[in-house]
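Please read the structure below before turning to the comments.
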Amino acid sequence: MQHTPETRRGKWVGLPALFVAFFRLGVMSFGGGTAGWLYREIVERRRWINDKEFLSGAALGRLVPGSSGVNLTVQVGQQLRGGAGAATAVLALLSGPLAIVLALAAAYDGVGQSHVLHAVLDGVAAAAIGLTFATGLKLVQFNRASAGPLAVTIATVLCVGVLRWPMIPVVLCIAPVSIGLALLDRRGRNV
Amino acid sequence: MSEELRTLLALTLVFAPLSLLSIGGGAALLAEIEHQSVAVHAWTTQREFADLFAISRAAPGPGTMLSTLIGWKVAGFAGALTATALPPLVTSGLWRGAALGPLARLALAFGGGAWARSHRLRIDTGGRRRRAARIARRARCLGRGGAVGGLDIVPSESPSARALLGWRSGVRLGRRARSVVT
């Protein structure tokens with residue numbers, strides 16, 4: 001297999017350097033696009049990991065539950081410095097945003113019920129909801145989806161979004177159906 | 001004090017299971033987080049939730065800050081820390097292949113296959129690369145490895161992982177698989 005180990009394990013990344021890099025990353029990554037920023041910062045600028053490692057980390061990060069950016073960070077930290085590296089990286093990634101968000105929240109509490117503030121927040125929320133909605137639409141892939149997956153999607157939206165049923169039981173019921181449909185679909189295509 | 005602990009426990013019980021469901025990103029959880037914090041636990045009003053959501057999106061960070069804000073609103077700094085630290089702890093527990101390792105692999109094998117294949121990514125969950133590569137190659141040699149083709153889930157040498165790989169490829173990989181092909 002093409003796993004030519006171009007491992008430059010000689011590259012020793014100190015924990016402080018790791019912390020600084022991921023702290024910067026956390027503070028810079030607006031809008032949740034952590035993976036893109038991480039690529040620029042860690043792969044292109046510092047060359048701590050290579051493209052292949054980044055890609056497999058990103059793939060795993062998407063597949064395993066949790067925020068994909070945080071997962072990727074755990075993965076990279078783990079690769080560079082083991083468990084301590086993973087813990088350092090996550091701590092660094094989250095501490096900056098945590099401080100900023102808490103400062104904003106404290107300010108929000110201090111200002112209280114001002115009309116201007118509510119107007120501003122409403123505007124931001126509307127934009128954020130639009131972005132989230134757009135992401136969802138993009139993920140559905142209307143051009144490729146067949147009836148089964150679409151039905152599953154719509155059923156989930158109805159149950160959780162409209163009927164307001166609790167999400168965990170809904171997912172536990174729908175996920176097996178969805179997986180079964182996907183298996184049937186694949187079998188049909190393979191034959 | 002015990003009141004506060006109870007609140008922290010409630011936060012944990014809401015966010016820990018949710019973080020296990022957030023495959024592919026946290027946006028899918030918004031509706032449920034809203035439901036839990038407004039209707040079920042009355043941690044925030046509808047209005048406050050919208051405001052906190054806006055703040056969490058306007059700030060930098062990897063998009064997990066909404067739970068931080070709710071934690072902060074409910075139980076101050078301790079709440080914020082709990083709600084922030086929890087998801088990474090839960091999911092990195094998954095990663096490290098500790099108690100829940102097989103679960104993560106299962107999720108990978110089932111849910112991830114199609115996505116990874118469509119992106120032509122090779123997934124390597126660590127472990128012995130060369131041996132796993134041999135297993136994958138054997139599956140391909142037998143001519144039925146198409147299903148493994150785009151996606152080499154390369155697990156460790158654990159029997160369950162090998163069985164999973166074999167099942168996906170339509171090939172039964174015996175214990176001696178690793179010594180058959182070089």
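Chain letters run A, B, ... following the sequence lines, proteins first and then strands; every chain starts at 1. Everything numeric in this text was worked out from a predicted model, so none of it was measured.
A salt bridge does not link A:R40 with A:E44: none of the charged nitrogens is closer than 4.0 Å to a carboxylate oxygen. Taking the charged nitrogens against the carboxylate oxygens, A:D122 and B:R47 do have a contact shorter than 4.0 Å, which makes a salt bridge.
With hydrophobic clusters built from ILVMFWY side chains whose heavy atoms lie under 4.5 angstrom apart, A:M167 shares a cluster with B:F49.
Annotation: maximal heavy-atom pairing with chain B below 4.5 Å, among A:A128, A:G69, A:A126, A:A175, occurs at A:A128. When each of B:T68, B:I55, B:D51 is scored by its heavy-atom pairs under 4.5 Å with chain A, the top score falls to B:D51.
Pairing each heavy atom of B:G71 with each of B:L11, the nearest pair is CA-CD1, 3.9 Å. In plain terms, the two heavy atoms of B:T7 and B:A75 that are nearest each other are CG2-CB, 4.2 Å. Nearest heavy-atom pair across B:T45 and B:V38 is O-CG2, 4.1 Å. Residues A:G26 and A:P97 come closest through the heavy atom pair O-CG, 3.5 Å.
Applying a 4.5 Å heavy-atom cutoff, the residues of residues 88-95 of chain A that approach chain B are A:V90, A:L93, A:L94. Heavy-atom neighbours of chain B within the stretch residues 154-166 of chain A, taken at a separation under 4.5 angstrom, comprise A:V160, A:R164, A:W165, A:P166.
Once rounded to the nearest 0.5 Å, the distance linking CD of B:Q36 with OG1 of B:T44 reads 11.5 Å. Residue B:L69 holds its CG atom at 7.0 Å from CG of A:L102, rounded to the nearest 0.5 Å.
Using cut-offs of 30° and 60° for the angle between ring planes, the B:W43 and B:F15 rings count as parallel.
Residue A:V171 touches chain B through its side chain alone, counting heavy-atom pairs closer than 4.5 Å. Both the backbone and the side chain of B:A31 come within less than 4.5 Å of a heavy atom in chain A. When heavy atoms are compared at a cutoff of 4.5 Å, A:I168 approaches chain B by way of both its backbone and its side chain.
Checked by atom type and distance alone, the side chain of A:R81 pairs as donor or acceptor with a backbone atom of A:V13 at under 3.5 Å. In this structure, A:E41 contributes its side chain and A:L25 its backbone to no donor-acceptor pair below 3.5 Å.
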